Amino acid sequence: MAKVGIVATLSIQAGKEAEFETVFNDLRSQVLANEAGCEMYDVYKSKADASTYIIMERYADDAALKAHGETEYFKAAGAKFGALLAGAPKLEVLDGVSIG
């Protein structure tokens, strides 16, 4: 089974960055505590644009990614994120590649 990566780029409304970080960190805590198939769930803020965030996710397989999207806490956070976004998120789904 191949690992699955997600890179999500989010533009947050000016002045709502701290609120976004709080919502994300609450979600991250729940994801890492409850999803054994989630191997990484981190957020980074752009140095060039303080309202741009990159979320990097890694799952053991497609089933783990599917399970993540079906959790109640993910759905609840998604509703909160909607009020903070300055536009649609850009999502890239990646297949894991083993080297060596």
Side-chain angles (χ1 to χ4, degrees):
M1 290 184 277
K3 294 191 185 288
V4 179
I6 303 282
V7 176
T9 303
L10 288 77
S11 180
I12 305 301
Q13 295 174 37
K16 296 193 175 183
E17 295 88 356
E19 187 177 351
F20 166 78
E21 291 175 19
T22 297
V23 172
F24 179 84
N25 284 319
D26 288 345
L27 173 60
R28 182 179 187 275
S29 295
Q30 292 181 71
V31 168
L32 295 178
N34 296 297
E35 298 179 37
C38 181
E39 301 172 352
M40 179 175 70
Y41 204 77
D42 294 326
V43 68
Y44 298 87
K45 182 186 249 187
S46 170
K47 289 184 181 250
D49 179 359
S51 64
T52 297
Y53 290 82
I54 307 293
I55 298 173
M56 296 183 189
E57 307 170 39
R58 186 176 61 239
Y59 298 90
D61 53 30
D62 286 322
L65 172 58
K66 184 175 187 267
H68 167 70
E70 294 173 350
T71 64
E72 289 305 316
Y73 50 82
F74 178 76
K75 292 175 186 175
K80 292 176 185 176
F81 287 146
L84 305 173
L85 293 172
K90 179 185 169 202
L91 299 176
E92 187 168 3
V93 181
L94 309 164
D95 287 327
V97 178
S98 296
I99 299 174

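These figures come from a predicted structure and were not determined experimentally.
Across all non-hydrogen atoms, the minimal contact from Ala2 to Gly96 is CB-O, 4.4 Å. When all heavy atoms of Ile54 and Thr9 are compared, the closest pair comes out as CD1-OG1, 3.3 Å.
Hydrophobic clustering (side-chain heavy atoms under 4.5 Å, transitive across Ile, Leu, Val, Met, Phe, Trp, Tyr) groups Val93 together with Tyr59. In the hydrophobic cluster analysis, where Ile, Leu, Val, Met, Phe, Trp and Tyr join through side-chain heavy atoms closer than 4.5 angstrom, Val7 is grouped apart from Val43. No path of Ile, Leu, Val, Met, Phe, Trp and Tyr side chains, each step under 4.5 Å between heavy atoms, connects Leu94 with Leu91, placing them in separate hydrophobic clusters.
Proximity of a side-chain donor or acceptor of Gln13 to a complementary backbone N or O of Leu85 within less than 3.5 Å is detected.
Remark: Phe74 pairs with His68 by the ring pair (Phe, Tyr, Trp, His ring centres under 6.0 Å) rule, at least two apart or across chains.
Rounding to the nearest 0.5 angstrom, the gap separating the CD atom in Glu39 from the CG atom in Asp61 is 9.0 Å. The distance from the CD atom of Glu72 to the CG atom of Asn34 is 12.5 Å, given to the nearest 0.5 Å.
A 4.5 Å side-chain heavy-atom check between Ser51 and Glu17 finds at least one atom pair inside the cut-off. Under the 4.5 Å side-chain criterion, counting only non-hydrogen atoms from C-beta, Leu65 is in contact with Ile6.
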Under 3.5 Å, sequence neighbours excluded: what are the donor-acceptor pairs made by side chains of residues 24-32?
from: Asn25; atom 1: ND2; to: Glu21; atom 2: O; distance (Å): 3.0
from: Arg28; atom 1: NE; to: Tyr41; atom 2: O; distance (Å): 2.6
from: Arg28; atom 1: NE; to: Asp42; atom 2: OD1; distance (Å): 3.0
from: Arg28; atom 1: NH2; to: Asp42; atom 2: OD1; distance (Å): 2.8
from: Ser29; atom 1: OG; to: Asn25; atom 2: O; distance (Å): 3.1

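Sorted by first and then second residue, the side-chain hydrogen bond (donor to acceptor under 3.5 Å, both in side chains) pairs with a member in residues 73-97 read Glu35-Tyr73; sequence neighbours excluded.
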